[in-house]
Protein chains: 2
Amino acid sequence: MKKENEQQRKIRVFFVEDYLLIRKSLVHILNKAPDIEVIKDFVSAEQCLKELETTQVDIVIMDLGLPGINGLEATQKITKLYPEIKVIILTSHENENEVLAAMSMGAKAYCLKEIESETLYTVIRQIQKGALWIHPQVADFASKTMPKPNSTNFDNLYTQAKDFDLTEREKEVLKLVVEGKSNTEIAEEIVISTHTAKAHVGNILAKLSVTDRVQAAVKAVRSGLI
Amino acid sequence: MKKENEQQRKIRVFFVEDYLLIRKSLVHILNKAPDIEVIKDFVSAEQCLKELETTQVDIVIMDLGLPGINGLEATQKITKLYPEIKVIILTSHENENEVLAAMSMGAKAYCLKEIESETLYTVIRQIQKGALWIHPQVADFASKTMPKPNSTNFDNLYTQAKDFDLTEREKEVLKLVVEGKSNTEIAEEIVISTHTAKAHVGNILAKLSVTDRVQAAVKAVRSGLI
DNA sequence: ATAAAATATAGCCATTTGGCTAGTGTTAAA
DNA sequence: TTTAACACTAGCCAAATGGCTATATTTTAT
């Protein structure tokens, strides 16, 4: 059925990546697949969004860490404005939160740049068919937190993922922990008792799933929380 | 003169870049130049260094931010062991210190991944002829601090900028500190006494000019040391 | 209105931390 | 050869940490 359609029509792709050299090389690689066609490539998400107003594509492949509108925001915008378009994240970020955030923004795939080109072709084809795909290397933490595919619950993932459910006060304390402050210093700074400071730190450790303040600080910094 | 040599012999290149997809695409792009040949490409600097023992090349193109030995250390090793080999840094880091460090490590060129492929070909050809090249976008701060091409003054740049003068052992310990390990755990992990572990941590704190391991960890992460 | 959080406080206790001084053995540079 | 840096070990001590249980007030949802 519909032989020409399914086998002859190429998968139309937009590609967003800020570094020229990488962009051009990847476009080249992508176009080597007989059934994939990079219609246009963009330095920024803004340009891509602009072009989407007039051009129909099947898939947008998007880097995270773009200048201006970042890949996550762009993904959200695209999936909201054009639900039929599938967004594939292609990035080097192995960050847990980024994966969760991207998927909750509506991305259909999360690929690390580790990926082999042949696998990438396959992923693109699978996504085109409606699949979801997450790179094995980051799939474990994604699967944990992604039980219900209902959007209500998903929307919070981004904030939850980035916030670790910390309260305002706890974020305040965590910031001071990252500065290397002791519980006593923290207590002085925000005018609470040392007991309270300790309690806050303890709760922070629990919420971040770590066992000491060093790990908490590192996690906070690495996840961009602080 | 020597028409065949200069025009027919291709520039032999090693290419080091950890992300498979990017590596393969760039190799492809590089090989499109008629006078450039990527002999081999590597995921890690270690592998590249190993291969250099047996294979002669003109140029090594190197990413920064590699796993294991990073691009800067590798550059230093290469230029020390094989002064005739020119190292080209190809990275996305626009960091001032990285540029200075790379050049002081003996790199001959510092290219951002922004670069156009045609320009990259030109740079490679220029470098092969003995030139130095720094990407316009980062050239300004490089030129400021690069007055004396004598190595004495330059050698410190790297350590001052990134290393905090840590010894190998201390870096090893610092990595474990960042992982949130206690002194006891560190001692177990690298098989030393807890006393030694404590001593190392103490020395690290002093060298990083901080007063506790949290600050050390944060500083290590933020400065990209770990 | 009631339950559920967030915030704050308190004490106990084993363990860890960081600063300090004081050594030993090894290796590399002056 | 001697100095200097590195790696390692050791003990002391006051302070800090993290886990624990318990309580009370306030804010926020339902």
Side-chain angles (χ1 to χ4, degrees), chain A residues 152-153 155-156 159-160 162-220 225, chain B residues 73 76-77 80-81 151-156 158-160 162-220 225:
Chain A
T152 342
N153 217 342
D155 291 341
N156 304 325
T159 31
Q160 278 179 20
K162 284 211 66 161
D163 270 338
F164 296 101
D165 258 333
L166 294 184
T167 67
E168 280 310 308
R169 200 55 158 173
E170 285 162 351
K171 276 187 248 174
E172 208 176 339
V173 171
L174 179 53
K175 194 174 290 177
L176 297 170
V177 169
V178 170
E179 288 171 21
K181 300 259 164 74
S182 72
N183 291 332
T184 316
E185 290 170 321
I186 292 171
E188 279 169 11
E189 187 127 348
I190 61 177
V191 198
I192 53 178
S193 79
T194 50
H195 295 101
T196 311
K198 276 184 64 174
H200 281 313
V201 172
N203 294 331
I204 292 169
L205 298 189
K207 287 188 181 176
L208 298 203
S209 320
V210 295
T211 53
D212 65 69
R213 60 211 293 120
V214 178
Q215 291 170 21
V218 169
K219 195 158 188 171
L225 220 169
Chain B
E73 291 179 64
Q76 188 178 36
K77 287 209 169 98
K80 211 164 202 170
L81 292 169
S151 55
T152 342
N153 216 344
F154 251 135
D155 290 342
N156 304 326
Y158 177 57
T159 33
Q160 280 178 18
K162 282 210 66 165
D163 252 359
F164 299 102
D165 260 331
L166 294 184
T167 66
E168 280 309 308
R169 199 53 155 174
E170 285 162 353
K171 275 187 247 176
E172 208 177 339
V173 171
L174 179 53
K175 194 174 291 178
L176 296 171
V177 169
V178 170
E179 288 171 21
K181 299 258 165 72
S182 72
N183 291 332
T184 316
E185 289 169 322
I186 293 172
E188 278 169 12
E189 187 126 348
I190 62 177
V191 198
I192 53 177
S193 81
T194 51
H195 297 285
T196 310
K198 276 185 63 175
H200 281 314
V201 171
N203 293 332
I204 291 168
L205 298 189
K207 288 189 180 176
L208 299 203
S209 322
V210 295
T211 54
D212 65 70
R213 61 213 289 120
V214 178
Q215 291 171 19
V218 169
K219 195 157 190 171
L225 220 169

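Every chain is numbered from 1, with letters handed out A, B, ... down the list of sequences.
- Distance CG (A:Leu205) to C1' (C:dT16): 14 Å, rounded to an integer number of Å.
- The phosphate of D:dC6 has neither OP1 nor OP2 within less than 4.0 Å of any side-chain N or O from B:Lys171.
- In this structure, of D:dG18, D:dA7, D:dT9, it is D:dA7 that holds the atom nearest to the side chain of B:Thr167.
- Mapping B:Gly202 and A:Glu170 onto DNA chain C by nearest heavy atom places A:Glu170 at the nucleotide closer to the 5' end.
- For NZ of A:Lys175, the number of neighbouring non-hydrogen atoms (other residues, nucleotides, ligands) closer than 6.0 Å is 12 at most.
- Using a 4.0 Å cut-off, some side-chain N or O of B:Asn183 falls inside it from OP1 or OP2 of C:dT17.
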Does A:Glu172 form a salt bridge (charged side-chain N to carboxylate O under 4.0 Å, His left out) with A:Arg169? I'd like the steps, not just the answer. CA-CA 5 Å; A:Glu172 208 176 339; A:Arg169 200 55 158 173; 3.2 Å; yes

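- Note on B:Thr196: every side-chain N or O is 4.0 Å or more away from OP1 and OP2 of D:dC8.
- At a threshold of 4.0 angstrom between heavy atoms, the contacts of A:Thr194 with the nucleic acid are absent.
- Rounded to whole angstrom, the span from the NE2 atom of A:His195 across to the P atom of C:dC13 amounts to 13 Å.
- You'll find that the side chain of A:Val201 is closest to D:dG18, out of D:dA10, D:dG18, C:dT9.
- In this structure, the side chains of A:Glu188 and A:Thr184 come closer than 4.5 Å at one or more pairs of heavy atoms.
- Rounded to an integer number of Å, the gap from A:Glu168 CD to D:dT28 C1' is 14 Å.
- For D:dC8, one of the phosphate oxygens OP1 or OP2 lies less than 4.0 angstrom from a side-chain nitrogen or oxygen of B:His200.
- As a whole-Å value, the separation of B:Lys207 NZ from C:dG18 P is 17 Å.
- One atom, CD1 of A:Ile192, and another, C1' of D:dT25, lie 15 Å apart when rounded to the nearest Å.
- Listed nucleotides: D:dA7, D:dT17, D:dT9. Nearest to the side chain of B:Arg169: D:dA7.
- For the pair A:Lys181 NZ and D:dT17 C1', the computed distance is 18 Å after rounding to whole Å.
- Here D:dC6 presents its P atom at 10 Å from CG of B:Leu166, a figure rounded to the nearest Å.
- The distance from the NE2 atom of B:His200 to the CD1 atom of B:Ile192 is 4.5 Å, given to the nearest 0.5 Å.
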Can you check side-chain contact (heavy atoms from CB on, under 4.5 Å) on A:Lys207 and A:Thr167, steps first, answer last? CA-CA 10 Å; A:Lys207 287 188 181 176; A:Thr167 67; 3.8 Å; yes

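- Going from atom NZ of A:Lys198 over to atom C1' of C:dC12 covers 9 Å, rounded to whole Å.
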